[in-house]
Undergrad: 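Okay, handing you the structure first.
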Amino acid sequence: MNKPVKIIECPRDAMQGIKAFIPTEKKVQYIQSLLRVGFDTIDFGSFVSPKAIPQMVDTAEVLDLLDLSKTTSKLLAIIANTRGAEDAAKHKPIQYLGYPFSISENFQMRNTHKTIAQSVVSLHEILEIADKSNKEVVVYISMGFGNPYGDPWNVDIVGEWTERLSNMGVKILSLSDTVGTSDPENIDYLFSNLIPKYPQIEFGAHLHTTPTTWFEKVDAAHRAGCVRFDGAIQGFGGCPMAKDDLTGNMPTEKLLSYFTTKKKSELNALSFESAYNEATKIFSVYH
């Protein structure tokens, strides 16, 4: 496997569930430190209803204050509907629009107040907006490894949705372990079957994990051919509906240790240490 590994850092995911508002200048300072590390992409904010995610109300302001002159990292913003896509598309520095598409009917309703059928319609419109504004869409298959609601799930359902999304023109598809339910066997099966079948799609892994299960998950995905991984420094954030308090985002430092061992990490170690320290400062106060 010779493809370079892409690590996507997700400060938006780490911050969005925090109730105490993190001042805009603190967000800018933290994201600025991340821009120096060399991540492929920074998932830096979202254009969603401030009622739904009040923490992200200042995303546009944060973007305006970032110095992007010396970074190689691309910027991704999460959107939940066509209005969010239109708002995000107005900002030239944003290269990716991230859309959470759940294959669990219950979670799609909880997350975006839409049925899956309505979400398909929205995605068609979002792809058109992205195409007109020279953006790319990253679709996250949330609840991609199962769900806690009893909604139908199996690997064939994931495969069927991958086929449908591919036919819609989706080029980047990230399988999301929304509540930490994935096991290495399912991770291996899904990626090892989907990646060869859809060479036109770049597959990613957005894995949530407990502190003791991260290695098996990353190892299974990478061995199966996945080279795009989402993480958040120190594992902050994750799905607020996860029942286990230990379940959080994949810690970026774990990804770094795994891929450094395999000589597949090109991140700047000193800049990463600085960003890690910034994360400690900000999340020790706002949590």
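Everything numeric in this text was worked out from a predicted model, so none of it was measured.
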Undergrad: I'd like to check the side-chain hydrogen bond (donor to acceptor under 3.5 Å, both in side chains) partners of T115; sequence neighbours left out, ordered by chain and number.
TA: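 For T115, the residues satisfying side-chain hydrogen bond (donor to acceptor under 3.5 Å, both in side chains) (neighbours in sequence not counted) are Q118.
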
Undergrad: side-chain hydrogen bond (donor to acceptor under 3.5 Å, both in side chains) with K197: which residues, sequence neighbours excluded?
TA: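 By the side-chain hydrogen bond (donor to acceptor under 3.5 Å, both in side chains) rule, K197 matches no residue at all.
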
Undergrad: For side-chain contact (heavy atoms from CB on, under 4.5 Å), just list the numbers for F21 and Q55, CA-CA rounded to whole Å, side-chain angles, deciding distance to a tenth of an Å, and then say yes or no.
TA: CA-CA 6 Å; F21 188 73; Q55 188 65 254; 3.6 Å; yes

Undergrad: By the salt bridge (Lys or Arg N to Asp or Glu O under 4.0 Å) test, which pairs, at least two apart or in different chains, include something from residues 269-278?
TA: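 The answer is E278-K281.
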
Undergrad: Can you list every pair that meets salt bridge (Lys or Arg N to Asp or Glu O under 4.0 Å) and has a residue in residues 18-41, with sequence neighbours left out?
TA: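 Listed once each, the pairs are K27-D58, D40-K74.
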
Undergrad: Report the residues that fulfil side chain to side chain contact (heavy atoms under 4.5 Å, CB included) with A269, sequence neighbours left out, ordered by chain and then residue number.
TA: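 By the side chain to side chain contact (heavy atoms under 4.5 Å, CB included) rule, A269 matches no residue at all.
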
Undergrad: Go through the side-chain N and O atoms of S33 and Q29 and say whether any donor and acceptor fall under 3.5 Å apart.
TA: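 Their side chains do not contain a donor-acceptor pair, so the 3.5 Å distance test is not met.
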
Undergrad: Does the S176 side chain pair with the main chain of M143, one donor and one acceptor, at a distance under 3.5 Å?
TA: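 No.
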
Undergrad: List in chain and number order the residues that pass side-chain hydrogen bond (donor to acceptor under 3.5 Å, both in side chains) with D156, two or more places apart in sequence or in another chain; answer none if no residue qualifies.
TA: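 With neighbours one apart ignored, the set is empty.
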
Undergrad: Run the side-chain hydrogen bond (donor to acceptor under 3.5 Å, both in side chains) test against S284 and tell me which residues pass, sequence neighbours left out.
TA: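 side-chain hydrogen bond (donor to acceptor under 3.5 Å, both in side chains) list for S284, sorted by chain: empty.
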
Undergrad: Under the side chain to side chain contact (heavy atoms under 4.5 Å, CB included) rule, collect the residues that match up with N268, sequence neighbours excluded.
TA: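 For N268 the side chain to side chain contact (heavy atoms under 4.5 Å, CB included) partners, ignoring immediate neighbours, are L270, S271.
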
Undergrad: Tell me who clusters with I8, hydrophobic residues only, linked when side chains sit under 4.5 Å apart either directly or through other members.
TA: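 ILVMFWY cluster around I8 holds nothing else.
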
Undergrad: With sequence neighbours excluded, what pairs up with N134 under the side chain to side chain contact (heavy atoms under 4.5 Å, CB included) test?
TA: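 None.
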
Undergrad: Scan for salt bridge (Lys or Arg N to Asp or Glu O under 4.0 Å) pairs involving residues 173-191, sequence neighbours excluded, and state none if there are none.
TA: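 Every salt bridge (Lys or Arg N to Asp or Glu O under 4.0 Å) pair that includes a residue of residues 173-191, provided the two are not neighbours, is D177-K217.
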
Undergrad: For E86, enumerate each residue passing the side chain to side chain contact (heavy atoms under 4.5 Å, CB included) test, keeping only those at least two apart in sequence or located in another chain.
TA: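 With neighbours one apart ignored, the set is I129.
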
Undergrad: Is it true that the NZ or CZ of K262 lies under 6.0 Å from the centre of Y258's six-membered ring and within 45 degrees of the ring axis?
TA: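 Geometry flag: set, cation within 6.0 Å and 45°.
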
